[in-house]
Number of protein chains: 2
Amino acid sequence: MLTDIARIRRFNRAVTTEVGALDDSFLGRGRPLGVARVLNAIGQSGSAGRELGEVRDFLQLDSGLLSRILRTLEEEGLVLTAPHPDDGRKRLARLTAKGQGEFAAYESLSDGHAARLLGGHPRPQSLLDAMDLIASALGRNRIEISQADPRDEASLYCLTEYYSELARRFDQGFDVTLSADPDAASMRAPCGTFLLAWSDGLPLGCVGLKGNGGTVGEIKRMWIAPSARGLGLAKRLMGAVESAARALSMNTLRLDTNSALPEAVALYRNSGWHEIPRFNNDPYPDHFFEKAL
Amino acid sequence: MLTDIARIRRFNRAVTTEVGALDDSFLGRGRPLGVARVLNAIGQSGSAGRELGEVRDFLQLDSGLLSRILRTLEEEGLVLTAPHPDDGRKRLARLTAKGQGEFAAYESLSDGHAARLLGGHPRPQSLLDAMDLIASALGRNRIEISQADPRDEASLYCLTEYYSELARRFDQGFDVTLSADPDAASMRAPCGTFLLAWSDGLPLGCVGLKGNGGTVGEIKRMWIAPSARGLGLAKRLMGAVESAARALSMNTLRLDTNSALPEAVALYRNSGWHEIPRFNNDPYPDHFFEKAL
DNA sequence: CATGGTGCCTGACTATGGTCAGCTATCTGT
DNA sequence: ACAGATAGCTGACCATAGTCAGGCACCATG
């Protein structure tokens with residue numbers, strides 16, 4: 001039978017072959033895979049250097065093995081290690097100029113690979129969306145939530161996606177400048193906060209907490225990337241933003257939303273929020289919620 | 001910047017981790033990966049046995065290495081090898097009953113993995129579609145065209161998809177029983193043929209050639225899976241079916257189509273077909289083409 | 001029936017990844 | 001100051017994968 005499982009197998013085979021090919025291209029620079037992986041792990045962290053423990057966790061390497069690989073890289077003149085300034089037991093590894101060159105060479109191998117794949121496809125955007133969906137499905141446990149500035153690039157990316165989704169879903173369209181606080185100024189420390197959900201370097205969702213120093217906060221701009229919907233990320237983000245609110249000594253949260261976003265309305269109803277009368281003059285919302293912390 | 005390349009990288013990382021996890025689960029049965037892979041390669045070919053050369057090509061193994069792995073499997077009582085009946089130099093490997101048990105255990109590990117992935121996702125159909133799209137993009141060079149019976153399961157799968165796509169795209173819907181030759185009887189040897197495009201066990205497209213023993217043939221039921229569109233597969237299928245027509249001593253091909261399928265009309269116009277007057281009473285088509293071979 | 005080619009096997013060897021015990025230096029808490 | 005924990009290093013060891021030359025049996029040709 002042409003089961004779903006056959007389709008997954010085909011995917012696995014295609015991807016395994018592809019990953020193998022990528023590994024082979026990594027071997028093209030005359031270095032064993034393990035060494036190349038360590039070089040890349042160190043290179044990813046920029047010039048600040050990276051703690052060895054971090055590298056070990058990231059690559060799942062044994063301490064002894066990493067140590068030996070580092071010696072190899074040091075002998076090649078690609079990596080320097082130095083004691084950690086705050087903790088003499090730890091060491092930091094960083095790339096030398098030569099190491100940065102090698103790192104860049106690996107990067108461009110892998111980028112070229114990606115560009116070739118995209119360039120050869122008739123619908124690159126669908127391909128990327130498909131990749132996002134699969135990466136989210138496979139990596140759902142590795143999504144991390146962290147604080148950010150709403151003016152950061154990743155935040156702006158999420159907000160732009162959010163606004164354009166609102167524009168698509170609201171009958172009357174959406175213009176952020178008509179909404180209160182369009183530049184998110186009050187979603188920063190010390191009064192508020194802004195959270196991003198990250199998955200392997202790609203932001204998958206955001207939520208803002210607007211405060212004025214008092215005990216009442218307002219949740220704004222909650223958005224989840226389409227590829228990550230249904231994985232429980234909205235609940236996690238809401239939980240995280242409630243914790244942040246408590247940490248800012250708030251005891252009441254409010255939010256507004258629109259019935260054109262039924263999944264959001266349902267989420268609020270199912271997680272302890274209750275409807276209250278309109279509390280602002282924003283033209284878009286038609287539902288208003290409050291929650292006691 | 002949040003480039004497309006960052007998204008591909010994230011996909012690569014997610015998938016590499018996943019493939020690693022799959023490999024780990026393969027190691028769960030106390031056998032090294034290479035041995036497990038050979039066991040699976042032999043098991044896939046059913047009870048007939050598989051030529052060692054085939055296994056070597058499939059797994060990209062060195063002859064010596066395969067030989068040793070086979071000895072391991074024989075010692076474990078999982079595999080039997082015997083000389084090839086037609087060529088004493090070759091050998092055939094097949095699973096013993098115990099080997100089939102182990103093979104089934106590996107299969108169910110991998111199926112369980114797949115089922116868990118699908119079951120844990122809110123939109124399994126989107127996930128499968130995304131996998132198809134990616135597998136087609138990665139494996140575009142490995143698509144093979146072969147002859148089939150239109151009553152085979154894979155053919156029926158393609159035809160069903162084809163009919164339901166027509167039903168979606170035609171304003172008036174589509175009912176195959178209103179069309180001439182609904183059961184594809186004349187698309188089989190010796191007068192006609194039916195071709196399938198295969199990618200790693202999944203049929204991605206089909207085309208029928210209807211003949212009556214004369215020099216005029218008719219192309220019917222050309223369909224390409226959505227995930228494989230734009231990769232040039234339609235051109236390949238048309239080329240293959242034209243060769244098949246020549247082999248059946250045909251010198252003229254005809255076909256009908258509908259302006260609701262503009263990509264098909266464009267393909268015919270761009271590959272040597274010219275429009276002719278209606279040549280049947282089929283209720284659906286509104287364009288008719290002919291090509292001299 | 002000789003010749004060269006093919007498929008498979010064996011033995012010898014290497015590289016890579018990975019494990020583990022034990023060591024030193026350093027930090028943390030009391 | 002001291003005990004115990006922690007981070008990293010080293011040496012010794014092992015398993016797996018992979019390479020290569022040479023050999024044997026068999027096949028296809030003339």
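Residue numbers begin at 1 in each chain, while the letters A, B, ... track the order of the sequences. Only a predicted model underlies this, so the values are computations on that prediction, with no experimental measurement involved. Scope of the values below: all heavy atoms of this structure, side chains included, with no hydrogens, waters or symmetry mates.
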Report task. Check whether any side-chain N or O of R68(B) sits under 4.0 Å from OP1 or OP2 of dG11(C), and answer yes or no. Result ->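 No, no such contact exists.
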
Query raised in the report: Side-chain N or O of R56(B) less than 4.0 angstrom from OP1 or OP2 on dC8(C)?
Result: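 Yes, R56(B) has a side-chain N/O under 4.0 Å of OP1/OP2 on dC8(C).
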
Rounded to the Å, how far apart are [X] [atom1] and [N] [atom2]?
| X | N | atom1 | atom2 | answer |
| --- | --- | --- | --- | --- |
| E54(A) | dA7(D) | CD | P | 13 Å |
| D23(B) | dA17(D) | CG | P | 11 Å |
| R89(A) | dT26(C) | CZ | C1' | 6 Å |
| Q60(B) | dG18(D) | CD | C1' | 13 Å |
| D87(A) | dT6(D) | CG | C1' | 8 Å |
| I69(B) | dC9(C) | CD1 | P | 12 Å |
| R71(B) | dT16(D) | CZ | P | 18 Å |
| R91(B) | dT6(C) | CZ | C1' | 15 Å |

Report task. Identify the residue among V207(B), L209(B), D149(B) that makes a side chain to side chain contact (heavy atoms under 4.5 Å, CB included) with T193(B). Result ->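 The side chain to side chain contact (heavy atoms under 4.5 Å, CB included) with T193(B) is passed solely by L209(B) among V207(B), L209(B), D149(B).
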
Requested in this report: Determine whether more than 12 heavy atoms belonging to other residues, nucleotides or ligands lie under 6.0 Å from atom CZ of R94(A).
Outcome: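 No, the 6.0 Å shell around CZ holds no more than 12 heavy atoms from other groups.
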
**Report entry** Sidechain-backbone polar pair: D152(A) side chain, S155(A) backbone, donor-acceptor under 3.5 Å
**Finding:**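 Flag not set: sc D152(A) to bb S155(A) has no pair under 3.5 Å.
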
Query raised in the report: What distance separates S199(A) OG from R7(B) CZ, expressed to the nearest 0.5 Å?
Result: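 So the gap between those two atoms works out to 12.0 Å.
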
Query - Upstream residue (5' side of DNA chain C) when G64(B) and L65(A) are each assigned their closest nucleotide - result: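 On the 5' side of the pair lies G64(B).
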
